[in-house]
*Asks:* 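Before we start, here is the structure in question, set down as structure tokens.
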There are 4 protein chains.
Amino acid sequence: MDREALEQLLQVNDQEVKMSEKQQKIVMAAIEMFSEKGFASTSTSEIAKKAGVAEGTIFRHYKTKKDLLLSIVMPTIINTAAPKFAKSFAKEVFDHQYESYEDFVREILSNRFAFVKKYFPVVKIYFQEVFYHEEMRNLFKTIFNDHVYEKFKQIIEYFKEKGELADLPAESIIRMTITSIVGLIITRFLISEDMDEEQEKERTIQFIMNGVRKR
Amino acid sequence: MDREALEQLLQVNDQEVKMSEKQQKIVMAAIEMFSEKGFASTSTSEIAKKAGVAEGTIFRHYKTKKDLLLSIVMPTIINTAAPKFAKSFAKEVFDHQYESYEDFVREILSNRFAFVKKYFPVVKIYFQEVFYHEEMRNLFKTIFNDHVYEKFKQIIEYFKEKGELADLPAESIIRMTITSIVGLIITRFLISEDMDEEQEKERTIQFIMNGVRKR
Amino acid sequence: MDREALEQLLQVNDQEVKMSEKQQKIVMAAIEMFSEKGFASTSTSEIAKKAGVAEGTIFRHYKTKKDLLLSIVMPTIINTAAPKFAKSFAKEVFDHQYESYEDFVREILSNRFAFVKKYFPVVKIYFQEVFYHEEMRNLFKTIFNDHVYEKFKQIIEYFKEKGELADLPAESIIRMTITSIVGLIITRFLISEDMDEEQEKERTIQFIMNGVRKR
Amino acid sequence: MDREALEQLLQVNDQEVKMSEKQQKIVMAAIEMFSEKGFASTSTSEIAKKAGVAEGTIFRHYKTKKDLLLSIVMPTIINTAAPKFAKSFAKEVFDHQYESYEDFVREILSNRFAFVKKYFPVVKIYFQEVFYHEEMRNLFKTIFNDHVYEKFKQIIEYFKEKGELADLPAESIIRMTITSIVGLIITRFLISEDMDEEQEKERTIQFIMNGVRKR
DNA sequence: CATGAATGAGCATTCATTCAT
DNA sequence: CATGAATGAATGCTCATTCAT
């Protein structure tokens, strides 16, 4: 992960993230260690050593160790869920950018797959720690409800009306769609790394579509 | 979780698990705390306090804190995957106990759903910690490969031959089936606890079947 | 070390030492461990394990761990210094049992050498621990002053009068004699175990005698 | 012991030992406590309290408690045996700096006596702990064999050829010489502190010389 | 801004000792 | 007498955090 990618990841709301050389090294070391050993099992001295800075330097930039974690995870939560949706989503959909639910599923799957591929360690940290930190859970819920869920629902209702999707509750379709996408991603990145990506992506899309298509 | 349930959970290979009153309290306190705060963030003194025993007592029963964790998680890993499969699986299937893949899916879903419902905290610990402890990953892989994967594959091949299932690789069908089941369980127990269980179970089964059925 | 040797070692003033099987095993395990690792670094549980008894059993026989140490070392201190001297010494000497200082030196050297050879681990413990336990030091001083020093002095004065020994203070002759004997024993048992014992004993006797003989 | 003396003691091979105020206090407290109560019976919290530092500070300077011990004892072992010998010894002898074995004995006795007088607590620690720590024993053996024993032997052979010393094996003469010197030192510093030092030194030299002189 | 020595609370673990069985 | 589970104080050590330089 280079500086640019990192700053892009941690950037929220177009506010630029300015990080000094040292700060950047700290964050990258933290990501690596948190991902490998977990937040609670990583010591700030390890991070400092790996980052090549003094221990004190970490606390100059982040008031506490937890602040460092949150500074990494919170923007990631926002960016995991939000970007595609939050910004251009409604427009895209109502502009009929997606001609079918299948196109839409293909787009999210490909997009989220690429995101995880690029930022795997950060995503891993966030899935681990979200269980133990209420701030994360709250932010996640807010983002998900406000930006993802609502828009997702609208899209589904739209294609249900168009007769492409079965008459299932939107919640169920959302759950099964996301579940299948996340399942693919987890299988690929945590379990069988030698999977034929493109074929499995396509199979997953067909599986989802067969599962929810009106018949 | 009462004593009987606990001993049943930690029991492997019909070897009886005998636990003194105190030991049982320790394990139950540990499960509660590990589940709530994570292994690394739970101190042995907290466990002792919650269990109502002296700190030293923990170490009389478990050489290290990690031993305590493993004594909880390892049998759970075995019991999560193995029992239904390891013992009666082959027989059941080739005795045509399952008349269709749908019956089979219904059975696992209902069975695993009930298991998680009963032992949620332990299952949570195990999903959290499996990322950081190689012993767990190794055991999981072994159990999964030896007991689950092979049998699962045989069942799928059987129903593929019978013309019920689409001509997809068994690996893909397994992945999509498990993914959908686990996705339902996670949604139910971690996200929306007020879901209409029975309806969503049935929808998930239909989703899976539509996804993999020969057409 | 067998039971008899052990009871003989720990016996003082002809009071018989009765030890049960278990007690005996405890003492022997304690001697072995204290000698190997030192008193403070040996735990009662190690002793119990090596002795093949329960931890509680140790404390049934000895109120504290230190009591166990003292029960081993205190009789040894008495027996190291005292027996030859305390009982028959004066008589022997004034009965002219020793015809020369050389005979006397030869006798102590041979006697103490054999004692250490037989009870080396116990002697090692006592030399180690005497520095840290006042009771030991006090007993040692008492025994040494009352039983050894006085008699030793009488013998030296006797042979000085007979013209065999140089006109040095008895203290100095005692110091140099003991020093040379102890030096030989330490060299033999702690440093060069392959020494030619008999030859070095004789050389040491000659060295002492040349050093203190009247000339 | 002041800072300078301490740094001099711990210095090896002219590498300067730089110690902060706190570190110095830690080492001096450790020396005092180890000497008084023994290594195993001294707790790091006691050392910290006596040194007037936080307990953590000890572990910033020394990775483990044992490291602290070794950092004190190992240089002392080197300096106890080596300096006089290792550097100027051979030269001195073959330059006939010592005109007689007696001069040589007088020199070591006075030199080592002064060393122990100055650094008694450290020497005590080292004699106690050498029995339980293999590193110490190995270093001691190496130093003794390489630097002391060989040179000592050469000197003895030289004076044997000159006809001053009896025809005894060098090993025996070395043993008896060292034994007598160490015996004097132990008597003086551990047993009778009110001894007339100078007179007893001279008596010991005469005792040694009479014992080993050719006759 | 950066450093790294210092801190002291907290941690997992050990230990001598007790006591109900 | 013997046991061994239970205790809780103490131990060696770690860690996040502070602060003088």
Side-chain angles (χ1 to χ4, degrees), chain A residues 20-23 25-26 39-49 51-68, chain B residues 20-23 25-26 39-49 51-68, chain C residues 20-23 25-26 39-49 51-68, chain D residues 20-23 25-26 39-49 51-68:
Chain A
S20 69
E21 188 82 14
K22 303 242 170 200
Q23 191 174 359
K25 278 181 180 164
I26 290 168
F39 171 71
S41 300
T42 301
S43 72
T44 49
S45 79
E46 282 174 293
I47 296 171
K49 199 192 291 177
V53 305
E55 264 194 271
T57 308
I58 294 175
F59 291 91
R60 178 155 298 279
H61 292 284
Y62 305 92
K63 249 166 63 83
T64 65
K65 185 188 167 194
K66 187 165 179 182
D67 271 15
L68 172 56
Chain B
S20 70
E21 188 82 15
K22 303 243 169 199
Q23 190 174 0
K25 278 181 181 165
I26 289 167
F39 171 71
S41 299
T42 301
S43 73
T44 50
S45 79
E46 283 174 293
I47 296 172
K49 202 188 290 175
V53 305
E55 217 174 330
T57 308
I58 294 175
F59 292 92
R60 174 158 291 279
H61 292 285
Y62 303 93
K63 253 164 66 82
T64 64
K65 185 188 166 194
K66 187 165 180 181
D67 269 16
L68 173 56
Chain C
S20 71
E21 188 82 14
K22 302 242 170 200
Q23 191 174 359
K25 277 181 181 164
I26 290 167
F39 170 71
S41 299
T42 301
S43 71
T44 49
S45 79
E46 282 174 294
I47 296 170
K49 199 190 293 174
V53 304
E55 263 193 273
T57 309
I58 294 175
F59 291 91
R60 180 155 296 280
H61 292 285
Y62 303 92
K63 247 164 64 82
T64 65
K65 185 188 167 196
K66 188 166 178 179
D67 271 14
L68 173 56
Chain D
S20 70
E21 188 83 13
K22 303 244 171 197
Q23 190 173 0
K25 277 180 182 165
I26 290 167
F39 171 72
S41 299
T42 301
S43 73
T44 50
S45 79
E46 284 174 295
I47 295 171
K49 201 186 293 174
V53 304
E55 213 174 334
T57 307
I58 293 174
F59 293 92
R60 173 157 293 277
H61 292 286
Y62 303 92
K63 254 163 66 82
T64 65
K65 185 188 166 195
K66 187 167 179 180
D67 268 16
L68 173 56

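Chain A is the first sequence line, chain B the second, and so forth, proteins listed ahead of strands; every chain is numbered from 1. Note that these values count all heavy atoms, side chains included, but never hydrogens, waters or copies made by symmetry. Values in this document were obtained by computation on a predicted structure and should not be read as measured data.
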*Asks:* Quick check for you: name the first and last nucleotides of DNA chain F, 5' to 3', having an atom under 4.0 Å from a heavy atom of chain A.
*Replies:*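 So the outermost contacting nucleotides come out as F:dC15 to F:dT18.
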*Asks:* Below 3.5 Å is the cut-off: list the nitrogen or oxygen pairs between protein and nucleotides 10-13 of chain E, distance only.
*Replies:*
residue : atom : partner : partner atom : Å
E:dA12  : OP1  : B:T42   : O            : 3.4
E:dA12  : OP1  : B:K65   : NZ           : 2.9
E:dA12  : OP2  : B:T44   : N            : 2.7
E:dA12  : OP2  : B:T44   : OG1          : 2.9
E:dT13  : OP2  : B:K65   : N            : 2.6

*Asks:* Quick one: pull up NZ in B:K22 and CD1 in B:I58 and give me the separation to the nearest 0.5 Å.
*Replies:*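 B:K22 atom NZ to B:I58 atom CD1 measures 11.5 Å (nearest 0.5 Å).
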*Asks:* For the pair made of NE2 in C:H61 and P in E:dA16, what is the distance, rounded to whole Å?
*Replies:*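 In whole Å, E:dA16 P and C:H61 NE2 are 18 Å from each other.
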*Asks:* Dot-bracket for DNA chain E, 5' to 3', with Watson-Crick and G-U pairs under 3.5 Å, [ ] for crossing pairs and | for other-strand pairs: what is it?
*Replies:* .||||||||||||||||||||
*Asks:* Suppose we screen for side-chain hydrogen bond (donor to acceptor under 3.5 Å, both in side chains). Which residues come up paired with B:S45, at least two apart in sequence or across chains?
*Replies:*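 Checked B:S45 against side-chain hydrogen bond (donor to acceptor under 3.5 Å, both in side chains); matches are B:S43.
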*Asks:* Rounded to the nearest angstrom, tell me the gap between atom CD in D:Q23 and atom P in E:dT7.
*Replies:*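 It is 13 Å, rounded to the nearest whole Å.
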*Asks:* With sequence neighbours left out, write down each residue that passes side-chain hydrogen bond (donor to acceptor under 3.5 Å, both in side chains) with D:T44, or none if nothing qualifies.
*Replies:*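 Here the qualifying residues are D:E55.
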*Asks:* Could you report the tightest heavy-atom contact between B:K63 and B:D67, atom names first, then the distance?
*Replies:*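 Minimum heavy-atom separation between B:K63 and B:D67: CB-OD2, 3.5 Å.
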*Asks:* What residues, two or more places apart in sequence or in another chain, satisfy side-chain hydrogen bond (donor to acceptor under 3.5 Å, both in side chains) together with C:K49?
*Replies:*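 Checked C:K49 against side-chain hydrogen bond (donor to acceptor under 3.5 Å, both in side chains); zero matches.
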*Asks:* Looking only at heavy atoms, which two atoms of A:A40 and B:A40 are closest? And how far apart?
*Replies:*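 Heavy-atom minimum between the residues: CB-CB, 3.6 Å.
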*Asks:* Once side chain to side chain contact (heavy atoms under 4.5 Å, CB included) is applied, do any residues pair with D:A51, and if so which ones, sequence neighbours excluded?
*Replies:*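 Here the qualifying residues are D:K25, D:I26, D:A29, D:V53.
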*Asks:* Indicate yes or no for a side-chain donor-acceptor contact from D:K65 to the backbone of D:F39 under 3.5 Å, with no hydrogens or angles considered.
*Replies:*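 At least one qualifying donor-acceptor pair exists.
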*Asks:* Look up atom NZ in A:K66 and atom OG1 in A:T64, then write down how far apart they are to the nearest 0.5 Å.
*Replies:*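 So the gap between those two atoms works out to 8.0 Å.
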